[in-house]
2 protein chains.
Amino acid sequence: MKATVPITVASLKVACSQCNLVELCLPFGMSENEIDRLDELVGARRKIKRQHHLYRAGDAFEAIYAIRAGSFKTDVLLEDGREQVTGFQMTGEMLGLDGISTELHSCNAIALEDSEVCVIAYGKLEELSRVVEGLQHQFHKVMSREIVRDHGVMTLLGSMRAEERLAAFLLNMSQRFTARGFSAAEFHLRMTREEIGSYLGLKLETVSRAFSKFQEEGLIAVQQKHIRILNIGGLKKLIHHPSPRA
Amino acid sequence: MKATVPITVASLKVACSQCNLVELCLPFGMSENEIDRLDELVGARRKIKRQHHLYRAGDAFEAIYAIRAGSFKTDVLLEDGREQVTGFQMTGEMLGLDGISTELHSCNAIALEDSEVCVIAYGKLEELSRVVEGLQHQFHKVMSREIVRDHGVMTLLGSMRAEERLAAFLLNMSQRFTARGFSAAEFHLRMTREEIGSYLGLKLETVSRAFSKFQEEGLIAVQQKHIRILNIGGLKKLIHHPSPRA
DNA sequence: GAAGTCCGTTGATCCACGTCAACCCCCACG
DNA sequence: CGTGGGGGTTGACGTGGATCAACGGACTTC
């Protein structure tokens with residue numbers, strides 16, 4: 001289908017004030033007045049097909065991105081080919097914050113499904129957040145939250161065993177789906193076992209075995225990427241009671 | 001000796017503009033004019049004795065801190081008593097950024113030696129960075145750098161083996177000592193083997209063994225906490241060439 | 001709708017690191 | 001100057017998760 005009507009920037013724009021992600025995204029906690037002023041901030045939107053990059057490590061940093069639809073992973077590639085997934089991002093979450101420090105992106109952002117992001121020119125964001133207090137404050141919170149999240153992952157990688165890691169991962173996913181109005185107990189993972197493994201510092205076989213174990217124990221029901229949580233309490237208990245001793 | 005002269009806030013203050021850490025700390029990259037305006041930002045300084053907390057997880061967040069002298073570790077305690085060290089901080093580095101997101105600190109900051117920090121009231125920082133562009137920009141960079149650093153640690157924890165982790169740790173320390181005008185090849189670690197292990201996701205025995213192995217191989221000379229790097233290239237090679245295969 | 005590829009599961013075996021234990025050294029303190 | 005205790009090293013042994021391998025089922029592609 002050919003677009004004969006010229007597509008203007010304005011027609012692509014969707015005001016934050018009218019976006020149903022307002023509760024999850026950058027505008028969270030801002031007043032209506034303030035949110036209205038955000039509308040000048042969000043330039044265009046950009047669609048990213050599954051498996052395609054939103055940006056790559058080394059790319060010049062110009063904008064941060066808010067996920068409007070779909071989901072992403074971010075990863076770092078080591079020289080020897082090893083991959084470390086540093087995070088999975090869902091709607092309303094921000095991508096690209098890593099680029100501010102050196103003005104180059106330091107990781108890859110790859111769509112896990114066909115997705116769409118709002119492009120937020122970084123210069124404009126700094127400019128506007130000098131005027132709109134709520135934006136400034138909220139942006140700082142978003143960055144700080146990312147730091148806290150990363151510390152959580154470090155804790156997971158540094159001191160949990162395989163099953164604790166997977167349980168923590170599932171609970172985290174569940175909680176984020178809930179925040180988006182989806183079921184806490186039943187959801188569809190968009191990433192492969194290998195990607196989960198990379199994120200959790202495990203091999204895909206170990207992830208698969210842990211899924212099977214959880215299923216045997218009646219904690220979850222797994223069917224490929226479809227997960228049903230049957231016993232949330234059981235998963236939670238797993239995290240804070242390392243299997244041996246204590 | 002008793003202070004008969006009243007100690008005013010002014011007398012405790014040390015202007016950023018006159019601080020020799022200006023190249024490493026928040027003011028980095030700012031113009032002289034801008035740095036002068038910072039002087040109103042740094043309230044008091046605070047001394048922290050070895051092993052004492054600068055703040056604890058759960059404390060109300062009010063300020064961030066720049067390390068003026070000494071060094072710290074940050075850690076997270078799990079319910080079951082496990083500890084995860086999330087970072088080691090040296091002079092010029094910032095502490096407390098984790099507190100912005102929830103307005104509560106999310107980790108503990110503990111001095112590794114008698115130390116001193118500059119207290120930066122967070123409200124003032126936001127206020128001033130609305131007016132001083134360089135400050136705003138630099139602050140964002142500091143937060144982003146922390147995110148990038150955390151991704152590095154995640155990569156280390158998620159995909160490196162014990163000796164690679166320790167080599168990466170030593171190179172990182174060396175590089176940071178260098179940036180502070182100390183020797184790149186010879187330095188004194190302020191943390192115990194257990195703290196290093198916690199940070200690297202290893203047990204203290206494993207850290208100790210890796211140190212011994214490096215020494216046997218002529219890569220370093222270890223004497224308790226005193227480290228001499230004899231073969232930087234060898235350590236670097238270790239990181240990117242996982243021992244088996246490839 | 002057939003073919004090929006990717007993804008996931010499961011089993012057998014291996015090994016890096018954890019665990020347990022003994023001992024030493026360094027230093028703080030009386 | 002002797003004593004106690006925390007920090008560090010080293011050895012013997014156990015084990016959780018990696019590795020290697022085979023296979024089956026789900027998607028993708030045309």
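Numbered from 1 within each chain, the chains take letters A, B, ... in sequence-line order. No hydrogens, no waters, no symmetry mates; every other heavy atom, side chains included, goes into these values.
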Classify the nucleic acid contact of [X] as base, sugar-phosphate or nothing, counting any heavy atom under 4.0 Å across all strands shown.
X: B/Leu202; result: sugar-phosphate
X: A/Thr192; result: sugar-phosphate
X: A/Gly197; result: nothing
X: A/Glu205; result: base

From the options B/Arg50, B/Lys49, B/Lys47, select the one residue that forms a salt bridge (charged side-chain N to carboxylate O under 4.0 Å, His left out) with B/Asp114.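 Between B/Asp114 and the candidates, salt bridge (charged side-chain N to carboxylate O under 4.0 Å, His left out) is satisfied uniquely by B/Lys49.
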Centroid-centroid distance, B/Phe88 to B/Tyr199, less than 6.0 Å: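 Here the rings of B/Tyr199 and B/Phe88 have centres that are less than 6.0 Å from each other.
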[X] side chain near [N] phosphate (N/O to OP1/OP2, under 4.0 Å):
X: A/Lys225; N: D/dA26; answer: no
X: A/Ser212; N: C/dT10; answer: yes
X: B/Lys203; N: C/dT19; answer: yes
X: B/Thr206; N: C/dG18; answer: yes

What is the distance, to the nearest angstrom, from the [atom1] atom on [X] to the [atom2] atom on [N]?
X: A/Glu194; N: C/dG8; atom1: CD; atom2: P; value: 9 Å
X: A/Gln224; N: C/dC7; atom1: CD; atom2: P; value: 11 Å
X: A/Leu204; N: C/dT10; atom1: CG; atom2: C1'; value: 12 Å
X: A/Met191; N: C/dG8; atom1: CE; atom2: P; value: 11 Å
X: B/Gln223; N: C/dC24; atom1: CD; atom2: C1'; value: 15 Å
X: B/Arg190; N: D/dG8; atom1: CZ; atom2: P; value: 13 Å
X: B/Leu166; N: C/dA16; atom1: CG; atom2: P; value: 17 Å
X: B/Arg161; N: C/dA16; atom1: CZ; atom2: C1'; value: 7 Å

May I ask you to decide if the ring planes of A/Phe61 and A/His105 are parallel, tilted or perpendicular, using 30° and 60° as cut-offs?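 Ring orientation, 0 to 90° scale: perpendicular.
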Measure up the B/Phe182 and B/Phe177 rings against each other and bin them: parallel (under 30°), tilted (30 to 60°), perpendicular (over 60°).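 Correct class here is perpendicular.
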Using only modelled atom types and a 3.5 angstrom limit, is any donor from either the side chain of A/Arg50 or the base of D/dT28 paired with an acceptor on the other?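 Answer is no: no donor-acceptor pair is held.
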Mark yes or no for a side-chain to base donor-acceptor pair under 3.5 Å between A/Arg209 and C/dG8, with no hydrogen or angle criteria applied.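 Not at all, since no donor on one side and acceptor on the other fall under 3.5 Å apart.
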So with a 6.0 Å cut-off around CD of B/Glu217, is the heavy-atom count from everything else above 12?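 Atom CD in B/Glu217 is packed in, count exceeds 12.
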